[in-house]
Amino acid sequence: MGGPCQAFAKDHTEVATSTSDSDDEMPLSTRVVSVKTEKNGVVPSRYADDSGSDSDDGVPLAKLKGKVYAKPNRCASNSGSGSGSGSGSDSGSESDQPLSTIKAARNVKAPKKEAAGASNGSAAKAGVKRPKKEPASAPKDAKKPKVSAKDKGATSAAKKPAATAAAAKGAAKAKNGTKSKIVVKSESNVTAASQDDNGDSDSEEYKWWLEEKNDDGPKWTTLEHFGVMFPPEYVPHGIPLTYKGKPFKMHPAVEEVATFFAALVDTEHGNNPVFQQNFFMDFRALCNKHMGNHPIEEFKDCNFDKIRAHLDVQSAKRKAMTKEDKEAAKKERLAIDEKYGFCTLDGRREKVGNFRIEPPGLFRGRGAHPKTGRLKKRVLPEQVTINIGKEAKVPDPPAGHKWGNITHDNTVTWLAMWKENINGSTKYVYLAAGSSLKGQSDMRKYEKARSLVKCIDKIRSEYTKELKSEVMAVRQRATAMYLIDRFALRAGNEKGDDEADTVGCCSLRCEHIDLEPPNIVKFDFLGKDSIRYERTTEVDKQVWKNLRLFQKEPKTPGDMLFDRLTTASLNKHLQTLMPGLTAKVFRTYNASYVFDQQLVDTPADGTEAEKILAYNRANRMVAVLCNHQRAVSKGFEGQMSKIEDKLLAVRYQRMLLKNHLLEIAPTMKKKRPDLGKKEPGVTASWIKKHLIANCEIDREKATKKFERDNEKLKEAREPVMPKSKLKEILAEIDEREKSIKKGTYVAEPPVAKNALTEKILEKIDKLTERIANIEVNKIEKDENKSTALSTSKINYIDPRISIAWCKKHNVPLEKIFTKTLREKFTWAMDVDKDYRF
DNA sequence: CTGGTTACTTAGCACACTCTGA
DNA sequence: TCAGAGTGTGCTAAGTAACCAG
């Protein structure tokens, strides 16, 4: 098998020759690495000053802006398209360097670790965590804080003399309630939103962002909380499953799982064969365990209808709850939130995020997840580790139970933790997004991305150079960096066979790209959450050549494109370019950068609506860049055709006016050539349908009006109109309909008979404007149907850009940030209106 | 290295809730 | 006034990336 040694040796000797290149119009450089940037200019224009040609510049979105990008599409099954292309115009000469060995080394998927989830002995290990860094409980070199032993502040202040000590002092003060300047009364109205005064108005906020930062070191000094909340026990309903037509009464534990499935019958999951199979496997195992000999053999013989009916009744009941009941339920919920929803961190009350232990259920893996449908078991307190301050009271576990473990690790931010049985992964209870801990790391994230702004030029010119490196590993790395930078691809860690087959940059396989000369790349692969990434775009010529080289024989579809690259090696390299730089920073950087750039186009004297439109446009551009998608809503097609119809109706109106005008003033045609233009889509058959539909509408209208009028007359004690009056009107409409059907009907232009040409023209122009509006709406709606704006707003766009924009353009913040978002971003509220990313 | 852990961020979906326009 | 579209939030799956032992 060649062995690692061989591969290792390769790494250093390997030359990315590619000599041949058959069509030598673009020979890859050999020895001499030329520095000049190709005309396709990956880099400069963009950050330098932008003013430059906007033609092709480096803005990743340049391409996206136009219609070039392909419609994103969801696809459940991978397929791999079978293309593979192989392209490599013959010869392939490819020289001495047998990629095959490399391929052998990396391409073999690691023999999957026996699914950790299968055996749940893992639970026993819960809570035994590797001693990371220096757990603050025993700081090696901590100076004794002179604040007194019981004030646990400043545990390891020694590490970072000045800053840390200062921060620690701050923390200590805060704790004592001295709250010197750290706590500042919320000042001048940032915008209306910053002072939601729902309740906690009096308590001064802790403005951590005004403190000196203290990146590493302990995350907290004291921590108190109430633990986690467990889901309610299962209450059996006693309704049997129907098996081969016979009722099958179940043990409660079995019944519970059957009920999980019943809830999913006729949903996408419930219809998925893998889901069914996995569910059924676990279901049968449970039957075996609890019900001795039972008849359950085949999934297809199970009928869940009765249970399903019961569930439907239940949910109907829930919906029909009285106001009081609903109120009571809400109160109960609030009481729970009040208790578990908060913790005390360094003396301050902070919101806890997901304090509810995940209830049991059927695992809903996304995409083609091999384990989808398996039973996610109920979590017991014995499996839960509680992380809490040393001095704090350990919360009581549920009666009759014990906690799995108690730790006091202040190097981490989680309050509780447990192992989940499907993939053996760890679930954590963290503070809420609006907490100081989360806020701090959020802010750090954006600051890091911002520091990339300063060195991106250098990084780009460097990887551009390295695109021609003779060392294959370096060339691959440079190419990957290009893709990550330009197209905001994710890093692409390796994945196991027991997960859905999704990829990111480093894990791209040959079948995921198609190359078209001279420099077109078609990406088509499933990314995170099995969301399809489909994009056809131009790339730098050298990148294109590299991709062709990486794809070349002996590689075949299924082989790694970047066989000499891992996310770890990539990130290691990135660290050398800028401290803290990793692949994902590029995503944050590009998203925020593009957003910031796009907002420059906001119409300064536009209406609020126009400004918000510009904002959302910028937002959408980022979402497209990051490929953030959402499912197209059910009614979308219908809504769309409604808009289309409305559009045609207005066009039809305009057509009538135009015809009318040209009739009474034929000379206008010269002055206004647009008057002679046809209205697209307004065909004879459409007009007919439209007019007939109008008849129906008119009938309804007439009837309603008649009834209403009579109602009024009655009230006024006046004689009502006779039914025959309505009949007359309806008969008229009937007449009209008949003539439409016969084709003898002549529509009246929607204008007064003796209207002047100017008046008619004015009307036409108004309609034109309306048409433009509807069209914009339509395009917006269409673009939005599958694009999710929220993800980028929450995770990628520096909130300070948005807040500064609001201040600058006088738009109330709540127009763009929901309440939770405003809470999450309190740290950014004080930003200057001229802030640039 | 490599594989396994651990901790934390990012992601889309379901569903409750709110708004809006006939 | 009420249905149906649009929003907001909670939930939890699925990523990234660092660290550690062997």
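Keep in mind the model is a prediction, meaning the values are calculated, not measured. The sequence lines fix the lettering, A, B, ..., with proteins before strands; numbering per chain opens at 1.
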Notebook entry, point to check: Does A:Thr791 have a side-chain nitrogen or oxygen under 4.0 Å from the phosphate oxygens OP1 or OP2 of B:dG12?
Noted result: yes
Notebook entry, point to check: So does A:Arg822 get a side-chain nitrogen or oxygen closer than 4.0 Å to the phosphate oxygens (OP1/OP2) of C:dT9?
Noted result: no
Checklist line | Phosphate OP1/OP2 of B:dA7 contacted by A:Lys219 side-chain N/O (<4.0 Å) | finding: no
Check: Reckon A:Lys330 touches a base, only the sugar-phosphate, or nothing at all at heavy-atom distances under 4.0 Å?
Finding: nothing
Notebook entry, point to check: Does A:Asn571 make a side-chain N or O approach to OP1 or OP2 of C:dA17 shorter than 4.0 Å?
Noted result: yes
Margin query: Less than 4.0 angstrom between a side-chain N/O of A:Gln639 and OP1 or OP2 of C:dG6, yes or no?
Written below: yes
Notebook entry, point to check: Using a cut-off of less than 4.0 Å, is there contact between a side-chain N or O of A:Arg490 and OP1 or OP2 of C:dA17?
Noted result: no
Margin query: Can you see if the side chain of A:Thr502 gets near the phosphate of C:dG15 - specifically, an N or O under 4.0 Å from OP1 or OP2?
Written below: yes
Item checked: Side-chain heavy-atom pair A:Lys781, A:Met640 within 4.5 angstrom cut-off -> yes
Check: Do the side-chain N or O atoms of A:Lys376 get closer than 4.0 angstrom to the phosphate oxygens (OP1, OP2) of C:dA13?
Finding: yes
Next item on the list: Examine C:dA13: is either OP1 or OP2 under 4.0 Å from a nitrogen or oxygen in the side chain of A:His369? Give yes or no.
Entry: no
Note to self: Can you tell me if A:Thr820 touches the phosphate of C:dT9, counting only side-chain N or O atoms and a distance under 4.0 Å to OP1 or OP2?
What the structure shows: yes
Notebook entry, point to check: Pick the nucleotide of DNA chain B nearest each of A:Arg364 and A:Ile794; which residue has the one closer to the 5' end?
Noted result: A:Ile794
Notebook entry, point to check: Is the phosphate of C:dT16, meaning OP1 or OP2, less than 4.0 Å from a side-chain N or O of A:Lys528?
Noted result: no
Notebook entry, point to check: When we call it a touch if two heavy atoms are under 4.0 Å apart, what does A:Gly635 touch: a base, just sugar-phosphate, or nothing?
Noted result: nothing
